[in-house]
Each structure stands twice: as structure tokens, then as C-alpha cells.
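Only one structure is covered here, and it is reproduced in the block below.
Note that the numbering runs from 1 along the sequence shown for the chain. In listed order, ligands and their atoms are each counted from 1. No hydrogens, no waters, no symmetry mates; every other heavy atom, side chains included, goes into these values.
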Amino acid sequence: MASPFFRLASPSREALAPFEPLLRRYALLLAEANAKARLTGPTSAEGLWEEHILDALVALPLLPREGAVVDVGTGGGLPGLAWALVRPGLTVTLVDSIAKKAAALEGIVKDLAITNAVVRSVRSEVVALERRETFLVATARAVASADVVAELLSPLVAPGGSLLAFKGPSAEEELRPGQGRWGELGLGEPEIFPYGLGGKSLCVVRWFKEAPCPGRFPRRAGMALKRPWWR
Ligand SMILES: C[S@@+](CC[C@H](N)C(=O)[O-])C[C@H]1O[C@@H](n2cnc3c(N)ncnc32)[C@H](O)[C@@H]1O
């Protein structure tokens, strides 16, 4: 595991100012949708702002200005929709296998009237077959342990691109089984970028896609979780 180059942090108020009205509207719509479809934890717009939207935006320094991004297990659009709102040059595909969540998110995207985000109600393994290695960045937040996330994301990302996983304090432990073996997924060794938010120690794990992903990935839906690739 490579040591971090720098700590991440939420963007400053000044940096966010041009996007704040749109982001606040997103927080409001998400709070409303949450009451119906249980998309994410907190139910108040303020709680969502603090715990989720600012959290999603800590990864901005690791993102390109433009290109195709996929957010696997996006739920209410985190982190992908928050990224699409502040980086209009990105084209973000928001993927969630639960139809009810995807429908609620579709409503939010429509209401925000943005054109650089699309919602897909499908499993990521299916997207990886349809659009194999065509994304510049793939991300996942609160979806699975880091080793499982790496398997789900790798077949989506073009060589030269990157994988970004939002993780808590157990990241190092989750990465341990893959140590020295990430090349089996076409990945380099992961880097951990730590940050703190609301008193919690969190991090973003980044892998570079160094080589094409072996053809045996994606495996059948659910296999990544059932039988880890490194076993
Ligand atoms: C706990 S939610 C996280 C939502 C959001 N990323 C967040 O941070 O609030 C995890 C979501 O991942 C979805 N999910 C898990 N594995 C998936 C896969 N392989 N493809 C698509 N969606 C997946 C689940 O349906 C669930 O809605």
C-alpha cells in the first residue's frame, strides 16, 4: 500500500460558492426523496449536506475536469451526482440495482435539469459487459469492502483511468488480502488518501488501472461478494 501524498478535505466555502445553490437544491430534493425511498442515512437537508454532500466532494482533487465517470451503487447519487453538479465537464453514469432507488434518483436528476448525469437501474456487472473499460473513473461509496469494490469497478475502467473507493477506518484491513496481487485485476497498488469529517476518520482509496482487466471479470452477479477474487 502506498503512503498518501496528501490529506483530502471538503472544499472551502469560496470554492463551492458558484455551485452552492444547485448543491443545496440537491440536498433538499434528496431529503424529500429519502422520506419515500430510503436512499441514504440522514433525513434533513442539513444533515445530508454535512455528512454526504461535503463528504462526496472531498474527492474533487482526485477527479479529472472532463471524461466519463461511473458511480456504482449510487443510491441517492453519492458521490456521482454531487460530482456532476460541480464538474459539468464530467459525464456521470449513476448505477444502482434497486429500481425504486434509481427511479427516485431519476426524479432528482430531472428536477435539477442537468444534462451530464444519467441513471441506470441495473447491476454494475451488466454495465461492465455493455461498456467494458470505457470509463475514465469508477467510484463506489458505502457499497462493499475495498477488495470487492476493486473487482466490481476494474472491468469498467479504461487502462490509464482510476478507481476511487470511499472507506472508513477499516480500509487497510480490507485491502490486506489483495496486497501484491492487485495486478490480477489490472490494477496498481492502492493509495490511501485520509480525511476527517464530523469527527470520523475516513479515506478515499485510489487504484490506477495499469493494464486491461482479465476477461474472467466481471463474474456473474453477486460472485464478487460470495467468493472473493483473491481466494
Ligand atoms: C448503502 S447504499 C450506498 C448509496 C450511496 N453510494 C451512498 O453513499 O449513500 C449501497 C447501494 O449499492 C447498490 N449496489 C450494491 N452492489 C451493486 C452492484 N454490483 N451494482 C449496482 N448497485 C449495487 C445497492 O443496491 C445499494 O443501493
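At a heavy-atom cutoff of 4.0 Å, ligand 1 is contacted by the backbone of V122 but not by its side chain.
Annotation: K101 places an N or O atom under 3.5 Å from an N or O atom of ligand 1; distance criterion only. Taking distance alone, with nitrogen or oxygen atoms compared against 3.5 Å, L78 approaches ligand 1 more closely than that limit. Residue-to-ligand polar distances keep P79 apart from ligand 1: every N/O pair is separated by 3.5 Å or more.
Close approach of ligand 1 to V143 (heavy-atom distance below 4.0 Å) involves ligand atoms 12 (O), 15 (C), 16 (N). For ligand 1, the atoms lying closer than 4.0 Å to a non-hydrogen atom of I98 are 25 (O). The atoms of ligand 1 that sit less than 4.0 Å from any heavy atom of S124 are 18 (C), 19 (N), 20 (N), 21 (C). Taking every heavy atom of G75 and a limit of under 4.0 angstrom, the matching atoms of ligand 1 come to 4 (C). Listed by number with element, the atoms of ligand 1 under 4.0 Å from a non-hydrogen atom of T74 are 4 (C), 5 (C), 6 (N).
Counting only residues at least two apart or on different chains, the ring pair (Phe, Tyr, Trp, His ring centres under 6.0 Å) pairs with a member in residues 209-231 are W182-W229.
Remark: R13 engages E20 in a salt bridge, criterion side-chain N to carboxylate O under 4.0 Å. Under 4.0 Å is where a charged nitrogen must lie from a carboxylate oxygen, and between E173 and K167 no such pair does.
Counting only non-hydrogen atoms, the option in G73, A142, A221, S121 that gets closest to atom 6 (N) of ligand 1 is G73.
Using a 4.0 Å heavy-atom cutoff, V127 is absent from the residues neighbouring ligand 1. Heavy-atom separations between G76 and ligand 1 are all 4.0 Å or longer.
Remark: of the listed residues D96, D71, D55, D55 is the sole one forming a salt bridge (Lys or Arg N to Asp or Glu O under 4.0 Å) with R141.
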Tell me which donor-acceptor pairs under 3.5 Å the side chains of residues 155-164 have, and how far apart each pair is, sequence neighbours excluded?
none

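Taking a 6.0 Å sphere around CD of E210, one finds it holds more than 12 heavy atoms contributed by other residues, nucleotides or ligands.
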